[in-house]
2 protein chains.
Amino acid sequence: MKVSDPKNGIQEVLDNSWIFKDFSAEDKVAVAENSSLVRYHSKDILFRQHTRTSHAMYVVSGLVKVYKESGAGHSVTLKIISGNQFVGLDTIYAESEYQYSGSAIVDTIVLIIDFGTFNNLVLSNGRFALDLIRMLSKDSLYIFQRLNSQTHKQLPGRIADVLLYLSEEIFHSYAFEFPLTRHELAELAGTTKESFIRTINEFKHDKIIQLEGRKVEIKSLDIVKILSELG
Amino acid sequence: MKVSDPKNGIQEVLDNSWIFKDFSAEDKVAVAENSSLVRYHSKDILFRQHTRTSHAMYVVSGLVKVYKESGAGHSVTLKIISGNQFVGLDTIYAESEYQYSGSAIVDTIVLIIDFGTFNNLVLSNGRFALDLIRMLSKDSLYIFQRLNSQTHKQLPGRIADVLLYLSEEIFHSYAFEFPLTRHELAELAGTTKESFIRTINEFKHDKIIQLEGRKVEIKSLDIVKILSELG
DNA sequence: GTAACAGGGTGATATAAATCACCTTTTTCT
DNA sequence: AGAAAAAGGTGATTTATATCACCCTGTTAC
């Protein structure tokens with residue numbers, strides 16, 4: 001990681017990102033003076049499970065994988081964070097140690113804000129607090145869906161979910177490039193590399209998707225949605 | 001459901017529950033004038049998935065099961081809410097329709113607060129907003145754990161988790177009575193009634209727990225914890 | 001009063017997907 | 001450049017657990 005051109009970059013973020021742009025001048029100054037803009041490249045770790053929490057992190061651009069590691073090399077990917085969202089908010093508010101890890105999956109710029117400053121903003125700026133509550137709520141609901149998926153759907157349904165998640169929530173296009181290895185995609189679908197590969201290749205054979213290496217295109221959205229719904 | 005002795009009951013709740021008790025006099029009045037105290041009995045539904053959200057609900061006493069129904073009679077129980085917590089906060093903040101259902105599993109008293117009033121409190125009372133953020137965050141982390149469990153642990157581990165959850169988080173005792181049928185417990189463990197019964201009866205045979213009908217007692221906490229950790 | 005249902009329970013069978021054991025190709029490292 | 005490691009892939013085998021098909025008991029309903 002390396003710190004980029006300091007103050008000017010921060011000011012730009014504060015003036016453009018939806019969450020900060022309507023802040024009062026004083027609030028912007030408070031953030032600007034107590035944060036730093038950091039650039040991570042692919043595979044860099046932003047924070048690691050079981051280490052002490054210390055800052056609030058706002059992803060300016062890029063993609064971050066949030067995952068939980070539990071003994072024996074098993075991991076679950078909880079979510080992918082794209083630009084203009086906070087990472088790790090829940091864990092810094094609920095525990096003194098990170099309850100999951102976060103790593104950049106492409107080059108990523110993060111605004112790292114001093115926790116005390118951040119917290120004072122929550123206390124004094126109701127609008128900001130409300131926005132955070134909305135974001136945390138949306139996150140919760142997504143994980144509820146994941147839990148439901150993992151509990152009741154079988155593989156094809158879960159893989160359809162991954163395809164829909166990446167296309168609709170992350171890339172906003174039905175043609176995109178997997179930013180993750182098959183192994184990591186499997187962790188997002190709650191399965192193993194082998195099973196993921198087999199199932200996605202079946203999708204390809206059945207012409208539901210087009211697939212070459214990491215390039216995918218959903219060809220039959222209806223079928224993907226049916227697979228997701230029927231589990 | 002029936003509305004109980006109105007104003008006096010509400011005042012008592014506001015003066016005693018940790019979240020409201022330090023409110024200013026005006027804030028308490030605002031809540032008191034825009035909420036009602038409702039008593040549900042076991043099996044009553046507080047709110048149902050896919051219906052419009054409208055109020056904030058604070059569980060004064062009792063137990064509420066929060067569950068997601070997905071086609072074909074499959075449900076997952078997301079969490080059990082006990083006294084002095086909000087139910088459904090995330091869904092009212094993120095969506096216009098409930099994303100899950102909530103039903104009382106024992107007699108339960110709920111303070112139902114007008115959403116507009118509630119929202120104004122969030123905007124004007126930073127302390128309150130912060131408390132909500134902390135609660136939402138804790139909830140999120142719990143579901144992350146559940147997702148991890150469901151993805152990587154096999155049945156004995158998940159059932160150990162249910163036992164630990166109920167004893168440590170809900171009843172605060174290693175001897176308690178299941179407030180749910182075996183079928184519902186299975187939905188909390190992400191399995192079927194049959195598999196739940198078999199596994200819990202094995203625990204009984206192995207003297208890890210004592211079990212008679214709905215009465216359970218964890219006899220060997222170490223083993224339960226090991227089962228939970230090893231999955 | 002007995003039918004019907006919900007709850008608790010058991011055994012046999014089926015099956016989805018994990019695991020194991022490889023192989024090939026591509027990328028990374030020194 | 002060449003070795004080592006990571007990524008992508010395939011087939012055979014194993015296994016945990018869902019599913020099916022029941023049974024019994026107690027409660028609720030008409």
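By convention in this document, chain letters (A, B, ...) are assigned in the order of the sequence lines, proteins followed by strands, and residues within each chain are numbered from 1.
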> Any side chain to side chain donor-acceptor pair (under 3.5 Å) pairs touching residues 176-187 of chain B, not counting sequence neighbours?
Replying inline: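 Matches after skipping sequence neighbours: Lys65(B)-Glu184(B), Thr181(B)-Glu184(B), His183(B)-Glu187(B).
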>> Below 4.0 Å from chain B heavy atoms, what is the first contacting nucleotide of DNA chain C and what is the last?
In response: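 Here the contact window of chain B covers dG7(C) to dA12(C).
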> Is there a donor-acceptor contact under 3.5 Å from the side chain of Asn16(A) to the main chain of Val13(A)?
Replying inline: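 Checked: no pair found.
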> Under 3.5 Å, side chain of Thr108(A) to main-chain N/O of Ala104(A), donor-acceptor pair present?
Replying inline: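 No, the answer is negative, given that no donor and acceptor are paired below the 3.5 Å cut-off.
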> Going by heavy atoms closer than 4.0 Å, what residues in residues 175-191 of chain B are next to DNA chain C?
Replying inline: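 By residue number: Thr181(B), Arg182(B).
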>> Counting only heavy atoms and a strict 4.0 angstrom limit, can you tell me which residues of residues 156-166 of chain B come near DNA chain C?
In response: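 DNA chain C contact set from residues 156-166 of chain B: none.
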> Excluding sequence neighbours, so at least two apart, what forms side-chain contact (heavy atoms from CB on, under 4.5 Å) with Ser137(B)?
Replying inline: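 In terms of side-chain contact (heavy atoms from CB on, under 4.5 Å), with neighbours along the sequence ignored, Ser137(B) is linked to Asp90(A), Tyr93(A), Ala94(A), Leu136(A), Ile133(B).
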>> Going by the rule side-chain contact (heavy atoms from CB on, under 4.5 Å), which residues pair with Ile223(A) if we only count those two or more places apart in sequence or in a different chain?
In response: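 By the side-chain contact (heavy atoms from CB on, under 4.5 Å) rule, Ile223(A) matches Ile208(A), Ser220(A), Leu227(A).
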>> I'd like the 5' and 3' limits of the part of DNA chain D contacted by chain A, with heavy-atom contacts below 4.0 Å.
In response: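 Listed 5' to 3', the contact boundaries are dA7(D) to dA12(D).
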> Checking side chain to side chain contact (heavy atoms under 4.5 Å, CB included) for the pair Leu111(B)/Ile113(B): CA distance, chi angles, key distance, verdict?
Replying inline: CA-CA 6 Å; Leu111(B) 183 68; Ile113(B) 309 165; 4.0 Å; yes
Could you work out, with salt bridge (charged side-chain N to carboxylate O under 4.0 Å, His left out) as the rule, every residue matching [X], not counting sequence neighbours?
X	answer
Lys219(A)	Glu217(A)
Arg214(A)	none
Glu97(B)	none

>> Can you confirm whether the side chains of Asp161(A) and Ser228(A) place a donor and an acceptor under 3.5 Å from each other?
In response: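 Checked: Asp161(A)/Ser228(A) side chains pair up, N/O donor to acceptor below 3.5 Å.
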> Does a side-chain N-to-carboxylate-O contact under 4.0 Å join Glu169(A) and Lys79(A)?
Replying inline: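 Salt bridge: no.
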> Any Lys/Arg nitrogen of Asp107(B) or Arg39(B) sitting under 4.0 Å from an Asp/Glu carboxylate oxygen of the other?
Replying inline: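 The answer is no: the pair does not qualify as a salt bridge.
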>> Let me test you: for the helix from dG1(C)-dC30(D) to dT30(C)-dA1(D), what is the angle between the axes at its two ends (five pairs each), rounded to 10 degrees?
In response: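 Roughly 50°, once rounded to the nearest ten degrees.
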>> Return whichever of Gln154(B) or Glu194(A) has its heavy-atom-nearest nucleotide of DNA chain D closer to the 5' end.
In response: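 Per heavy-atom nearest nucleotide, the more 5' residue is Glu194(A).
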> How would you label the contact of Ile197(A) with the nucleic acid (heavy atoms, under 4.0 Å): base, sugar-phosphate, or nothing?
Replying inline: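 Ile197(A): base contact, heavy atoms under 4.0 Å.
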>> With nearest nucleotide decided by heavy atoms, which residue, Lys43(B) or Lys43(A), maps closer to the 5′ end of DNA chain C?
In response: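 The answer here is Lys43(B).
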>> Can you confirm whether or not the ring centre of Tyr174(B) sits under 6.0 Å from the ring centre of Phe176(B)?
In response: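 Ring centroids of Tyr174(B) and Phe176(B) are no less than 6.0 Å from each other.
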>> Let me confirm one number: the CG-CG distance from Leu166(A) to Leu163(A), rounded to the nearest 0.5 Å.
In response: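 Separation between the atoms: 7.0 Å.
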> Pairs in or reaching into residues 67-88 of chain A: which pass ring-ring contact (aromatic ring centres under 6.0 Å, His included), with residues at least two apart or in two chains?
Replying inline: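 Non-adjacent pairs meeting ring-ring contact (aromatic ring centres under 6.0 Å, His included): Tyr58(A)-Phe86(A), His74(A)-His152(B), Phe86(A)-Phe118(A).
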